[in-house]
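Have a look at the structure below before the remarks.
Throughout, a chain's letter reflects where its sequence line sits, starting with A, and its residues are numbered from 1. Every heavy atom of this structure was used, including side-chain atoms; hydrogens, water molecules and symmetry mates were not.
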There are 2 protein chains.
Amino acid sequence: MVQYQDRLDRALAAISDPTRRSVLERLAGGPASISELADPFDISLTGMKKHVAVLEEAELVSTEKVGRVRMCRLGPRGLDEAQEWIEAHGRAMAARLDRLGTLLENDDQGEQR
Amino acid sequence: MVQYQDRLDRALAAISDPTRRSVLERLAGGPASISELADPFDISLTGMKKHVAVLEEAELVSTEKVGRVRMCRLGPRGLDEAQEWIEAHGRAMAARLDRLGTLLENDDQGEQR
DNA sequence: CCTATACTGAACCAGATGGTTCAGTATCAA
DNA sequence: TTGATACTGAACCATCTGGTTCAGTATAGG
């Protein structure tokens, strides 16, 4: 019963790492090999491959082996679900906070419906 | 030099857990105690307190002890930064994918810059 | 054919995460 | 004052995470 959220879980966890966010930003500029992705960071090839694997499992990135090079590009699915959740609930949270802001320092218990 | 991203890291990691997302959704409806938050889940009080602590460190939730009850409410900062990153880069990624989509099955190598 | 390149897989590591139980402490209510 | 309630902190646990090194394998190029 948690499984249908799995992709959202993975996507959010994937982008919670700054290295992986940088990788996504880099790939937004076009495909790149593992080596090219690893280059700007103080990280081993193996380490970068792991990051790419995480992004791939979150379906944010797709890869393809071409000769001895693994080309990485943005996946077709992208951050849609993550964006949807944040927009829907971020909006609700902000709205709630706005109302709270006007009522605060006054009555907290009354908020509990 | 990574530290200014720390809040974003924490916020995204915090909402990558489905239990914590549910807690945020619950709190969008008004403040709640730890017990009330734990109730819908098969989790101990201690377990829920840990989740709340994570949300608090991400500055998504603030808490206040009132008598023997710890009241939890949405924090003032919210998901702004997370939303900004996803919107900015999600948009860029989607745009890139659109262009790729029109060019694909044709020439991949030419995309590299 | 030989060598350098680009990745891959296995093994390992320290620290974080998500959960537990158990033994408190503090407070509300009777 | 006594008991139930609501949390808290410590200790423990299994698994995941982000990283490493080392020893391959496969391919591009000369």
Distances under 3.5 Å between protein N/O atoms and the N/O atoms of nucleotides 27-30 of chain D, please, pair by pair.
residue, atom, partner, partner atom, Å
dT27(D), O2, Arg68(A), NH1, 3.4
dA28(D), O4', Arg68(A), NH2, 3.3

Distances under 3.5 Å only, N/O to N/O: pair up the protein atoms with those of nucleotides 14-18 of chain D.
residue, atom, partner, partner atom, Å
dG18(D), OP1, Arg20(A), NH2, 3.3
dG18(D), OP2, Arg20(A), NH1, 2.9
dG18(D), OP2, Arg20(A), NH2, 3.4

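Atom CG of Asp42(B) and atom C1' of dG19(C) are 11 Å apart (whole Å). Distance, Asp9(A) CG to dT17(C) P: 16 Å, rounded to whole Å. Remark: C1' of dG19(C) and CG of Leu45(B) are 14 Å apart, rounded to the nearest angstrom.
Here the closest non-hydrogen pair linking Leu60(A) and Gly78(A) is CD2-O, 3.2 Å. Taking both residues in full, the closest heavy atoms of Ala82(B) and Ile86(A) are given as CB-CD1, 3.8 Å, listed atom of the first, atom of the second, then distance. In this structure, Val69(A) and Ser33(A) approach most closely via the heavy-atom pair CG1-CB, 3.5 Å. Heavy-atom minimum distance, Leu27(B) versus Cys72(B): CD2-O, 3.3 Å.
Contacts of Ile34(B) with the nucleic acid, taken as non-hydrogen atoms under 4.0 Å apart, involve only primed sugar atoms and P, OP1 or OP2.
Residues Arg7(B) and Glu81(B) are paired through a salt bridge, judged by an N-O separation under 4.0 Å between the basic side chain and the carboxylate. Here Asp17(B) does not pair with Arg21(B) in a salt bridge; the nearest charged N to carboxylate O distance is not below 4.0 Å.
Between Ile15(A) and Arg20(A) there is no side-chain heavy-atom pair separated by less than 4.5 Å.
For Ser16(B), there are no side-chain hydrogen bond (donor to acceptor under 3.5 Å, both in side chains) partners, not counting sequence neighbours. Residues meeting the ring-ring contact (aromatic ring centres under 6.0 Å, His included) test with His89(B), sequence neighbours left out: Trp85(B). For Glu84(B), the side-chain hydrogen bond (donor to acceptor under 3.5 Å, both in side chains) criterion is met by no residue, not counting sequence neighbours.
Side-chain nitrogen and oxygen atoms of Lys49(B) include at least one within less than 4.0 Å of the OP1 or OP2 phosphate oxygen of dG9(D). The side chain of Arg70(B) places no N or O atom within less than 4.0 Å of a non-bridging phosphate oxygen (OP1 or OP2) of dA6(D).
The listed nucleotides are dT8(D), dT8(C), dT20(D); the one nearest the side chain of Ile43(A) is dT20(D).
Between the side chain of Thr46(A) and the base of dG19(D), no donor-acceptor pair under 3.5 Å is found.
Pairing analysis of DNA chain C (Watson-Crick: purine N1 to pyrimidine N3 plus N6-O4 or O6-N4; G-U wobble: N1-O2 and O6-N3; both under 3.5 Å) yields stems of 3 or more pairs at C:1-30 with D:1-30.
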Using the side-chain contact (heavy atoms from CB on, under 4.5 Å) rule, take Thr63(A) and Glu56(A) through it: C-alpha gap first, then chi angles, then the decisive distance, then the call. CA-CA 8 Å; Thr63(A) 75; Glu56(A) 215 176 347; 3.0 Å; yes
